[in-house]
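Notes follow the structure.
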Amino acid sequence: MFYREAGDFKTSYATDNQTFPIKFDRLGYFTVMAVAFLVIPFIINDYWANAIFLPFLIYAIAALGLNILVGYCGQVSLGTGGFMAVGAYACYKLMTSMPEVNIFFHVLISGGITGLVCVIFGLPSLRIKGFYLAVATLAAQFFLVWLFNRVPWFYNYSASGQINAPERTVFGIPVTGPNTEAWATYLFCLVFVVVSALIARNLTRGMAGRKWMAIRDMDIAAEIIGVNPLKAKISAFAVSGFFVGVSGALFFSVYLGAVEVGEAFGINKSFLVLFMIIIGGLGSIFGSFAGAAFLVLLPVVLKVVGVDWLGWPTDIVAHLQLVIVGGLIILFLILEPHGLAQLWRVTKQKLRLWPFPH
Amino acid sequence: MPEQLVFAMEVFLNGLMAGVLYALVALGFVLIYKASGIFNFAQGVMALFAAMTLVGIQKGQVPFSHLINAVLGTHIHHFGWHVHSLLAILLTVGVMIFLAWAVQKFVFRHLVGQEPIILFMATIGLAYFLEGFADLMWGSEIKTLDVCLTANACLPQGINLAIDEATYNWFGYGFFIDNLDITATIVAIILVSALVIFSQYTKQGRAMRAVADDHQAALSVGISLNFIWVLVWSVAGFVALVAGIMWGAKSGVQFSLSLIALKALPVLMLGGFTSIPGAIVGGLIIGVGEKMFEFLIGPMVGGATENWFAYVLALVFLVFRPQGLFGEKIIERV
Amino acid sequence: MLDAGRTEETLLEVNNIEVIYNHVILVLKGVSLSVPKGGITALLGGNGAGKTTTLKAISSLLQSERGDVTKGSIEYRGKNIQGRDPADLVKQGVIQVMEGRHCFEHLTVEENLLTGAYTRSDGGARIQQDLDMVYTYFPRLKERRKSQAGYTSGGEQQMVAMGRALMSRPETILLDEPSMGLAPQLVEEIFTIVKNLNEQEGVTFLLAEQNTNVALRFANYGYILESGRIVMDGPAAELRENPDVKEFYLGMSDDGRKSFRDVRSYRRRKRWLS
Amino acid sequence: DLVFPSLSYRTGPYAAGGIPFADGYADYFTLLNERDGGIGGVKTKLLECETGYNTEKGVECYESTKGEGALVYQPLSTGITYQLIPKTTADDIPMHTMGYGRTSAANGDVFSHTFNYPGTYWNGASGAVNYLLEINDGDIKGKKIALVYHNSAYGKEPIRTLEELSKKHGFELSLLPVDHPGQEQKSQWLQIRREKPDNVLMWGWGVMNQVAIQEAANIRFPMENFIGIWWSGAEHDVMPAGAKANGYKALTFHNVGRDFPVFADMQKYVVDAGKAAGAGDQIGNVLYNRGMYAAMLAAEAAKTAQEIHGTKDITASMMRDGMEALSITEEKMASLGMPNFGPSFEVSCENHGGPGLVGVTQWDAENKTWSLISDFKATDMEVIGALIEADSTSYAKENNIASNCNK
Amino acid sequence: MSTQESYVTDDGRTIGPTVMEMKNITLRFGGVKAITDISFDIREGEIRAIIGPNGAGKSSMLNVISGFYVPQEGEVWYKGKKRPPMRPYQVAEQGIARTFQNIALFEGMTVLDNVMTGRLRKMNASLISQAIWRGKAEKEEIENREAVEKIIDFLEIQAIRKTPVGRLPYGLKKRVELARALAAEPSILLLDEPMAGMNVEEKEDMSRFILDMNDEFGTTIALIEHDMGVVMDLSDRVVVMDYGKKIGDGTPDEVRNNQAVIDAYLGVAHD
Ligand SMILES: Nc1ncnc2c1ncn2[C@@H]1O[C@H](COP(=O)(O)OP(=O)(O)OP(=O)(O)O)[C@@H](O)[C@H]1O
Ligand SMILES: Nc1ncnc2c1ncn2[C@@H]1O[C@H](COP(=O)(O)OP(=O)(O)OP(=O)(O)O)[C@@H](O)[C@H]1O
Ligand SMILES: CC(C)C[C@H](N)C(=O)O
Ligand SMILES: [Mg+2]
Ligand SMILES: [Mg+2]
């Protein structure tokens, strides 16, 4: 009985509503936070930041956003790449047109703008459902990418059509541009991640979350019960868009620094984020993180093992990587269709009963 | 006749032809969706895999030679023989049936009763897997595909002169119609008729539709899901091979072939995920739609609209008919 | 009531099975029962007692629900059938009519019936004959044969499900809650058909029912299942007279049927549990 | 060791071009190690990293290899180049984008760590126009020229130059973008068929090239009038169209074929020794040669750096100096077994772009060979220089870059 | 519309005037007539049963009331006013709650969350406030949680509060669905076969809940049920439908002796 919840009684509904009602979990959470804020910044270097931490944090935000839409509200979207692009381009336009405003707000506003765009593309969800909707969101994906590629205003008429993040600072410390320090970019993203996670958690445990889940589980019944499907779906698209936009903005400004829209925000991105939430667990905040971590780490690990240790040719490793990622996705789905989050829950359940099997 | 109108007609016809090629890919999707409710994202990669296998067999390539060479340090590449196209096609069909069996055995058998989105994800996983696997097996360089009955009776390609001439005589402007497209159209017509008959009028076809509706119930009346699925995946594999040949002949056999799946999706939406004729009609509408749009509006907005236009067109359509043109009506009851 | 048609030969034997869902939820905790050839055996019990689970364990439909039989054995005609392919079982003559009907929504009524004959290979004429037989048992279906099953009413769907099972020419039908949601007249009708099939076609039934009243009227033998255990069994006639069964399953008090208005307290203890 | 990272792509839609180039690049360094014992006696080490021609993965590769003493980056993608320009500058590692990337990086005064000698896309654009002028007796006024281009940073590079040139020479330019990956080009080619341009230029890569050539053949566009940039002129681009591709032309900034002494060494020390990066069947192919050429330029720059700094174990920063002081002469090339392989040129602090000489090659479908049909000629530096100046100064302004050469 | 006098039943409940009236409702699906020209009323505080053979159109009638089906002809009058065309959620906002024939719970949510959705009419904190979980959102959440806990107690489902609904046995699901409907504190509650698939014991419990609800909160109830025992015992008045037509309407006694009803539905006269 490693993991206990017995003896952990609640005396008020407020404590029962907590994010981590179980003491054990709460402790774990505080430890993670402490390490993230107080330890990692001091030991992180460029490689770790760029190969692992930044992508992990940024994808985690996108995954949170998509999970709200897909996992909680049941509206499958394949437009994530396009929406991230909106965030990125919004951020670029803001950074270049209002250099005096702090980048922090640029990122937030980019999220807001993306939320709006997302809502527009979410409107058809009122009529179109299931896979039809999933495919329909590809319209957003392709259209947005085309738009940003085509309209020079978005890339400030640069000859190549690429956008480059100029240097911007927070408290005098650069967080974008070439002269950044690993710890600064890391902390900058971390703050967004933590805030996003809290917001997502709050929304999903309250009425908004219930409405989304109701729509997801049975939209007709939900409407008859009194859920306004328009509002519920639209709010899910908006919130999801906000997160995805923030992540797109960070992805461009902090992580890549320069972006070519079709490359960075193509359909592969949409799938990648979708994978994250499926592998992590649909309808789970923890799952969004787990999925992002898994899919960021996996290729890095495979590469280190294949190329650096075994010394195999890069192409064979790259092909093997596809095989392994594909195989793992299938394996995961077979073992636990509800993702890493569910695996974690079951493990906890088993630990709770341990050493008894049932 | 005014020039623009003649041009438009040519574009229209070419749109129809392009539509047929899209439909060929879409057909594979429809089959599997109909029989298992699985939205098989791997269909495009299956086409790639089929085409690569065909070329590999034709040219007598040693499968996995790169991997073998890398691990064992050997230098093997070719068996040194050449296989006749027809035989190679037969062998490839065999490989596709084996693939169907393997997919069933190792993937979907374990996912019976899961939600559609999970199955969908599994097919994306499968797509990745197959993509890497195909490359490992046959190498990732571009391959040329020639399907020939005899040395000089190959899949025809290039402008059809008869049409060019005839239209020139009528309109004073010869239309461009690609021979390959004409072939594809004929093949598609045969394929679709056969499939419609199969699904609508045979016992296995009926069982297939039953499985699509309710896995559990199908099991309970003794329909073997495994068998039906192997069957449909095999048929879908065959359709993928046909699509792979047509597209491969056009653009060479290489990675991008798998992206044709993306061309088929709007076709599916428009035609309805469950309708075989829908795939054809949807394909035609999308083909004509995007080519005409690129012709008429494209120049004003800077071109390259085809990628998104098909989707937007399908989207607009769906708003009015959420189950697609021919899709089964979504039964909504409480 | 009628004990005719029942022989002493045991067709189906379930020995002390345990079923676990999702590797953690233990649902059946040692269930044993036997079904004699040519009889109607009823499996009674409250919600969640495990009736459906038992039937699915027999018909091998558990696998697709992430359920596992972890202990015990299931034998049909003396042969272990545990974990068999459901299609095999259908060919052997065991077919389940699932709870909640499960019609193929997009197929027409007739197509639904025809899928029932999927495993048969004895030719179109024989199948046509059986189709006619089903239509004589359920004339209503004949009227609606061309409509999509998804749009038929609950009763019609129940008939489709049963008719579909009949099309496989089964020896044993596992019938899960056939009366659920049906109008009283139809319940009688369906049970009468069950009885007829049993007597005329010699079909053996194992039926799970909530409607104890009807079930015990038509069955020969009954098992009462609670929380995954068999708590009582006996010939139907005996069970009907058992005071506990009377109170808890038939809603009778000493002076005839009590009114639903007069029930005052919710919680009473069953004697066999205390 | 002297570490040379190679951001290659042997998978994905652009693998067909990525493989021979990466092979050539790798094999040359292997040759140096096997035959000469490295550069100046120090062994070279090649760090290959798979980018899939994807910018994001390119950055990942850069980050994961830069810590290992990487001397010079060769990202083989315009997209990745744009990402890496600021990063390499900040990390003081040079980057060589040979015949691709950001053209205005030729202005070394602004782009201190980026080198794109011996030629740029704008040289390419001008070279193509010059060639047309040449075969049209200096007059292409009123001619229609269509540009079929990959709809990305790469494909867009030449547009501005071509627009300038169209003003100058009075030809009509029409633009036909093709979206990644370029599998479907029916609309574009129908349009070409209707508009009947006199010439078609192409900035393509990957499958786009062969589909374009196939479609051109389908509509019977005369191959002689179809000219591709140097990335659209390899064997695998023309082979699928078979005999119909005969006569197709492509630009180049180095020589083609396998009649160079170096290949004998290559065969002996690398292929026969079983040390080839690929199957060894790519030798002499256009892109293989180009990869080898790039490696040669890198090795020569390293030698130069060793000389300047008087040390064998150079750093990335020294390598940069070596590249800036690089001088390629015919003798040097001849001594390397590559006589006449490319132009002679000198790099300077101001000019990182090389001489910008452009030649034209043509495909002979029967013999399956490319041959040089127009020698390396100068391009219109008047137009290009002004454009470079404008583009790089605005970049310098945006990013507060001080002059690199007049410190 | 017709307003009748209130009256007091034998067991002391007050039945008020008409709150809802269906007037000449006709509903067609393509060629199928599910409901043909049916009119009936529901009075305040009464338990009104709708019975009829399978496929008679009972559920369709509830769906019309809920606004999920839009009848081709006819009017719905509610609280003395003709109801304009409405989306189902607007109907719910007017205080009409229901349960479904084939349980329509939100399977992925816990029992508690399911029941809480019943309260959504009562909760309107803004998204922003919910996002930061301060102020109104938090207060609302706690207040409504209290109300819901009362219902959970009332229906005796405390033990399964945090269990995901998908795993519950059928009978409990039905109870949770009832809880969800109750949580809305509806003025009219529509129950579509609440006791289908239950055994007698459970039906007794369910009957108890329904009666208590009607008693304690004065909730008006429209009930579809096939168990004649339940219908006859619980309801004040019964509408009988057959093939989309109304074939009887009156007190249980009147209905069970109506020959048309016996022929079409009951088969034999029930005690
Ligand atoms: N797929 C499943 N996963 C987890 N638990 C399940 C699953 N199916 C059933 N159960 C649980 O098993 C128990 C027995 O269920 P079962 O359906 O066999 O009961 P039943 O007797 O048929 O009840 P009812 O009369 O309501 O149909 C219930 O507690 C139920 O929650
Ligand atoms: N959405 C729909 N589309 C087409 N037909 C429908 C639809 N809903 C109901 N019907 C038809 O309307 C008729 C009445 O159905 P309804 O569900 O109202 O019956 P019911 O009285 O509730 O029966 P039961 O007691 O079996 O639930 C049936 O014939 C049914 O097939
Ligand atoms: C081989 C590459 C360097 C050419 C490529 N298309 C580019 O990005 O410029
Ligand atoms: Mg059951
Ligand atoms: Mg009903």
Side-chain angles (χ1 to χ4, degrees), chain A residues 5 10 12-19 21 68 71-74 115 126 195-232 234-236 238-239 242-243 281-284 338 342 345, chain E residues 62-63 66-68 87-100 103-109 112-114 116-134 137-146 148-149 161-162 165-166 177 180-181 184 186 190:
Chain A
E5 55 182 347
K10 303 294 170 319
S12 77
Y13 293 132
T15 50
D16 193 40
N17 274 340
Q18 283 180 91
T19 299
I68 285 180
Y72 285 95
C73 195
L126 289 177
V195 173
S196 304
L198 287 180
I199 292 178
R201 169 66 193 159
N202 285 341
L203 284 175
T204 51
R205 68 176 153 158
M207 209 38 158
R210 286 187 206 107
K211 286 186 195 167
W212 294 335
M213 290 190 274
I215 291 282
R216 167 194 73 189
D217 286 347
M218 210 179 233
D219 54 349
I220 301 174
E223 183 170 3
I224 295 177
I225 294 294
V227 178
N228 181 342
L230 177 72
K231 276 198 199 157
I234 290 307
S235 64
V239 173
F242 176 79
F243 285 136
L282 287 172
S284 154
H338 298 103
Q342 175 71 9
R345 276 193 286 269
Chain E
L62 282 207
N63 281 334
S66 302
F68 180 56
R87 302 286 309 164
Y89 69 89
Q90 294 167 313
V91 174
E93 277 161 14
Q94 290 195 332
I96 298 180
R98 71 173 284 186
T99 67
F100 302 86
I103 304 176
L105 282 172
F106 308 124
E107 302 258 320
M109 298 157 70
L112 184 62
D113 278 336
N114 263 282
M116 284 292 280
T117 52
R119 305 277 313 164
L120 55 94
R121 197 152 63 99
K122 307 253 183 296
M123 298 171 70
N124 44 21
S126 70
L127 209 58
I128 304 277
S129 151
Q130 291 187 54
I132 54 176
W133 202 258
R134 288 281 169 276
E138 192 178 19
K139 207 174 109 232
E140 226 177 48
E141 193 74 22
I142 291 173
E143 279 168 11
N144 284 285
R145 175 75 187 273
E146 277 162 9
V148 161
E149 286 292 338
R161 247 192 226 112
K162 300 259 166 114
V165 171
E177 214 187 13
R180 183 178 66 186
L190 312 172

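So that the names make sense, note that chain A is the first sequence line, chain B the second, and so on, each numbered from 1.
- In this structure, E:E141 pairs ionically with A:R210, as a charged nitrogen and a carboxylate oxygen lie closer than 4.0 Å.
- Put simply, of A:R216, A:M213, A:K211, the one with the most heavy-atom pairs under 4.5 Å next to chain E is A:M213.
- Heavy atoms of other residues, nucleotides or ligands lying less than 6.0 angstrom from CD1 of E:I128 number 12 at most.
- Figure legend: A:R205 and E:W133 shown as a cation-pi pair, the cationic atom lying under 6.0 angstrom from the six-membered ring centre and within 45 degrees of its axis.
- Chosen from A:D217, A:V227, A:I225, the residue pairing most often with chain E at heavy-atom distances under 4.5 Å is A:D217.
- Here E:A131 is the residue among E:A131, E:G166, E:A125 with the most heavy-atom pairs under 4.5 Å with chain A.
- Of the two parts of A:A200, neither the backbone nor the side chain holds a non-hydrogen atom closer than 4.5 Å to a non-hydrogen atom of chain E.
- Proximity to chain A is limited to the side chain of E:S66, based on heavy atoms less than 4.5 angstrom apart.
- Between E:E149 and E:R161 there is a salt bridge, with a side-chain nitrogen of the basic residue lying less than 4.0 Å from a carboxylate oxygen of the acidic one.
- A donor-acceptor contact closer than 3.5 angstrom links the side chains of A:W212 and A:S235.
- Cation-pi geometry between E:R180 and E:F106 is met: the NZ or CZ atom falls under 6.0 Å from the ring centre, inside 45° of the normal.
- Residue E:L127 touches chain A through both its backbone and its side chain, counting heavy-atom pairs closer than 4.5 Å.
- Heavy-atom distances place no part of A:V195 under 4.5 Å from chain E, backbone and side chain included.
- For E:I103, the part lying near chain A is the backbone, with the side chain staying farther off; criterion is any non-hydrogen pair under 4.5 Å.
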